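Note sheet for the following structure.
Scope of the values below: all heavy atoms of this structure, side chains included, with no hydrogens, waters or symmetry mates. Here the structure is a predicted model, which means the values were calculated and not measured. Order of appearance sets the numbers: ligands from 1, and atoms from 1 within every ligand.
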Amino acid sequence: MSFLCDTHTHTARCGHAGGRDEEYIQHAIARGLNAIAVTDHVPFYWLPPDRHDPTLAMAPEELPRYVEAVLALKDRYRGRIEVLLGLEADYVAGQEEKLARLLESYPFDVVLGSVHWLNGWWVDAPSSLPRYRLGAAEVDRVWAEYAQALVAAAASGLFDVLAHLDLPKKFGFRPSTPFAGVQREVVEAVATAGCAVELSSAGRRKPVGEDYPSPELLAALAAAGVPVVLSSDAHAPAEVGWGFEQLLATARAAGVERAAVFRQRRAVALPLPPGC
Ligand SMILES: [Zn+2]
Ligand SMILES: [Zn+2]
């Protein structure tokens, strides 16, 4: 039997998503999904409290309540849809121990690893546009720096799934060659680490207008045996399962017929439906 899970969704706690927790679950049911992973942003574990931005992530004291709320939804919806407890956690070089301790403290089903933050600079924030606009050489430098962090994130062993793998393309700024010349190293690092990657429709809602990862990168990852999950990165209930019909077609075109589903941080590969 086929199985469809949206493996990346947020809640209003992060300060830049809307709706009530339960509405996300109800939209997942309405879309015919078998499972939804709630994966809100990790609190700013790597920065002192005076540098936490409440419009980007929940406060540290909110995390236990978030976990409780998602576990309550898991119970309440049992038999109707599988609710998975997840987290989207930033990878920050040098802060691995801190994140490992945080992740061990809760019974997560799935942990997504993201590189949004590079040495005090946001890869995907509109405030970073001036740097991208400095020209092709600077865009290549961004991609190279990002690739280095991504390889380290994969190797860290902290994450089950790497999110939006080619995130620096968000505003449409492409490197002169894929990943500024190191795409092969990125794919090898992900495959060696045994992480899954997400095929996410979020990029289609952004200026770049293309899923993460690009079809060409997805094909390379699939050929290297990297497991795939499907995701929307929903920041509103109506975005749950958004664009999944096209994601299924894209996955199939890349030769991907099964998706990974994570329970208590263990993956099983389940067949994707032919369409939805
Ligand atoms: Zn993200
Ligand atoms: Zn996200």
Side-chain angles (χ1 to χ4, degrees), residues 5-19 21 24-25 27-28 35-47 52-58 62-63 66 70 83-92 95 99 103 108-118 121-128 142-143 146-147 149-150 152-154 156 158-171 190 195-208 210-214 217 228-244 247 262:
C5 176
D6 188 338
T7 306
H8 188 164
T9 68
H10 289 277
T11 80
R13 290 170 190 77
C14 69
H16 58 281
D21 295 352
Y24 285 80
I25 311 301
H27 272 268
I36 174 174
V38 186
T39 58
D40 214 350
H41 293 285
V42 70
F44 280 86
Y45 67 90
W46 68 98
L47 289 176
H52 293 187
D53 183 342
T55 69
L56 293 177
M58 69 179 95
E62 188 70 26
L63 185 58
Y66 162 74
V70 179
V83 178
L84 299 168
L85 173 63
L87 195 70
E88 179 177 8
D90 292 74
Y91 174 75
V92 180
Q95 303 285 325
L99 180 57
L103 296 177
F108 291 114
D109 288 304
V110 60
V111 176
L112 313 181
S114 295
V115 176
H116 303 114
W117 170 273
L118 276 179
W121 181 81
W122 292 104
V123 174
D124 57 336
S127 60
S128 299
V142 169
W143 278 87
Y146 174 82
L150 196 58
S156 73
L158 290 164
F159 309 111
D160 304 310
V161 180
L162 294 172
H164 38 61
L165 211 64
D166 48 0
L167 182 64
K169 75 180 179 186
K170 176 178 172 180
F171 300 110
V190 175
C195 291
V197 298
E198 65 170 3
L199 172 56
S200 164
S201 62
R204 234 185 297 152
R205 304 192 299 272
K206 300 295 187 311
V208 69
E210 178 186 270
D211 297 330
Y212 302 113
S214 67
L217 177 54
V228 169
V229 305
L230 261 49
S231 73
S232 66
D233 206 344
H235 282 74
E239 289 173 357
V240 174
W242 188 89
F244 269 32
L247 287 191
F262 287 85

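Rounded to 10°, the angle formed at the Zn ion (ligand 1) by His164 NE2 and Glu88 OE2 is 100°.
In this structure, the side chains of Arg204 and Leu247 come closer than 4.5 Å at one or more pairs of heavy atoms.
Taking backbone and side chain together, His235 holds no N, O or S atom under 2.8 Å from the Zn ion (ligand 2). At least one N, O or S atom of His116, from either the backbone or the side chain, sits less than 2.8 Å from the Zn ion (ligand 1). His10 lies close to the Zn ion (ligand 2), since one of its N, O or S atoms is found at a distance under 2.8 Å.
No other N/O/S atom of Asp233 lies as close to the Zn ion (ligand 2) as OD1 does.
For the side-chain contact (heavy atoms from CB on, under 4.5 Å) with Val70, the qualifying choice from Val83, Leu87, Leu84 is Val83, the only one to do so.
Shortest non-hydrogen contact noted between Asp40 and Met58 is CB-CE, 3.9 Å.
Using a 30° and 60° split on the angle between ring planes, His10 and His235 fall in the parallel class, below 30°. Classified by interplanar angle (parallel below 30°, tilted 30° to 60°, perpendicular above 60°), the ring pair Trp122/Phe44 is perpendicular.
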